[in-house]
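Take a look at the structure set out below.
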Amino acid sequence: MRIARFSIDGNVAFGAVEGDKQDELVLDIIKGIPFADYELSGTKVPLSKVRLLPPVLPNKVVAFGRNYADHAKELGNEVPDVPFAFFKPSTSVIGPGDEIQYPPFTQDLQHEAELAVVIGRMCREVPRERVKDVIFGFTCANDVTARDVQKREKQWARAKGFDTSCPLGPWVETDLDLARANDLTIQLTVNGEQRQLGRTSEMIHSIEDLIVNISEAMTLLPGDVVLTGTPAGVGPLNVGDEVAVTIEGIGTLTNKVVKRG
């Protein structure tokens, strides 16, 4: 099931996305919230009549860097022996169609297409065999990065945590099992030109590895997001660019870059 979060007539709700053709998609409005008991209302609205929002509002976004060997090498970094985590604040999250604001403190804004894991229940110290039980679903993400700031500053808080640096969407796909999620095509285009193309099977540390690693240290909450790293091909974004992340079996997340003002 594809679960979207949207606004219509000033109201915010969750809905199940139904249909196959983009111009015929409809939302069956959900009674309740998808992280608890809920049911479909049967009230349906065309997707074209609503504004899609970030599919979740995470308490925290845990991101893992250098999780694709070719990406680590393209930036001249060593491949880490263990998962390498950092955080993006909730204020960095935007949804499909929202604008990525080019911050004034960087001259080198770059894209990073990523598979995002959405946590479905409170959990800590998750054993590997239980990882599937704590995952709500998967969505697309763009770990937008101020690359020059990342290189200059030892901490990545400003380089990767600025406002609008974490587009998520367009919805959460709940029907992917872990085996399939660990082998999906992931690609990114800028103005229709392909920049990144890889498979999640190229990850150094699997989804299970990442959830086990971070849950050893902290409690994960429903709606929290785990970013799993980006394949090779990262590159610059400029004001006016349209950037799209597409992941097999999930969908396409599209955003435009504007000057912060």
Taking all heavy atoms of [X] and all of [Y], pick out the closest pair and write down the distance.
X: I207; Y: A181; value: CD1-CB, 3.7 Å
X: V190; Y: L188; value: CG2-CD2, 3.8 Å
X: A116; Y: A141; value: CB-CB, 4.0 Å
X: C166; Y: K88; value: CB-CE, 3.5 Å
X: V17; Y: A4; value: CG2-CB, 3.8 Å
X: P58; Y: V93; value: CG-CG2, 3.9 Å

Query raised in the report: Tracing side-chain links under 4.5 Å among I, L, V, M, F, W and Y, which residues wind up in one group with V258?
Result: none
With a 4.5 Å limit on heavy-atom distance, are the side chains of [X] and [Y] in contact?
X: T252; Y: V245; value: no
X: S165; Y: T145; value: no
X: R66; Y: V79; value: no
X: L109; Y: P103; value: yes
X: V257; Y: V144; value: no
X: F105; Y: D148; value: no
X: Q22; Y: L47; value: yes
X: Q196; Y: I186; value: no

Requested in this report: With side chain to side chain contact (heavy atoms under 4.5 Å, CB included) as the test, would you mind laying out the steps for L221 and K60 before giving the verdict?
Outcome: CA-CA 8 Å; L221 301 175; K60 55 185 170 293; 4.2 Å; yes
Requested in this report: State whether R51 and D98 are salt-bridged, where the test is any N-O pair (Lys NZ or Arg NE/NH1/NH2 against Asp/Glu carboxylate O) under 4.0 Å.
Outcome: yes
Report task. Treating Ile, Leu, Val, Met, Phe, Trp and Tyr as nodes and any side-chain heavy-atom pair under 4.5 angstrom as an edge, say whether L220 and M122 lie in one connected cluster. Result -> no
Report task. Kindly work out whether a path of hydrophobic side-chain contacts (I/L/V/M/F/W/Y, heavy atoms less than 4.5 Å apart) joins V118 to F14. Result -> yes
Query - Stepwise side chain to side chain donor-acceptor pair (under 3.5 Å) check, S215 with R124 - result: CA-CA 5 Å; S215 69; R124 187 180 67 176; over 6 Å; no
Query raised in the report: Any donor and acceptor pair, going by atom type alone, linking the side chain of N142 with main-chain N or O of E112 inside 3.5 Å?
Result: yes
Return all side-chain donor-acceptor pairs below 3.5 angstrom for residues 130-139, not counting sequence neighbours, or 'none' if the list is empty.
residue	atom	partner	partner atom	Å
R130	NE	D133	OD2	2.6
K132	NZ	E129	O	3.0
T139	OG1	G169	N	3.4
T139	OG1	G169	O	3.1
T139	OG1	W171	O	2.7

Report task. Using the side chain to side chain contact (heavy atoms under 4.5 Å, CB included) rule, take S41 and D28 through it: C-alpha gap first, then chi angles, then the decisive distance, then the call. Result -> CA-CA 7 Å; S41 67; D28 192 335; 3.7 Å; yes
Query - Intermediate values then yes/no, side chain to side chain contact (heavy atoms under 4.5 Å, CB included), N182 and M203 - result: CA-CA 8 Å; N182 275 308; M203 290 190 293; 3.7 Å; yes
Requested in this report: Mind running salt bridge (Lys or Arg N to Asp or Glu O under 4.0 Å) on R2 and D175 for me, showing each step along the way?
Outcome: CA-CA 8 Å; R2 295 167 291 177; D175 288 339; over 6 Å; no
Requested in this report: From the options F64, W156, Y68, select the one residue that forms a ring pair (Phe, Tyr, Trp, His ring centres under 6.0 Å) with F84.
Outcome: W156
Requested in this report: Begin with the C-alpha distance, continue with both residues' side-chain angles, and end with the deciding distance and a verdict on side chain to side chain donor-acceptor pair (under 3.5 Å) for Q150 and D108.
Outcome: CA-CA 10 Å; Q150 182 188 23; D108 188 14; over 6 Å; no
Report summary line: With R5 as partner, the option from V50, V56, V12 fulfilling side chain to side chain contact (heavy atoms under 4.5 Å, CB included) is V12
Query raised in the report: Within a reach of under 6.0 Å around CG of D70, are more than 12 heavy atoms found that belong to other residues, nucleotides or ligands?
Result: no
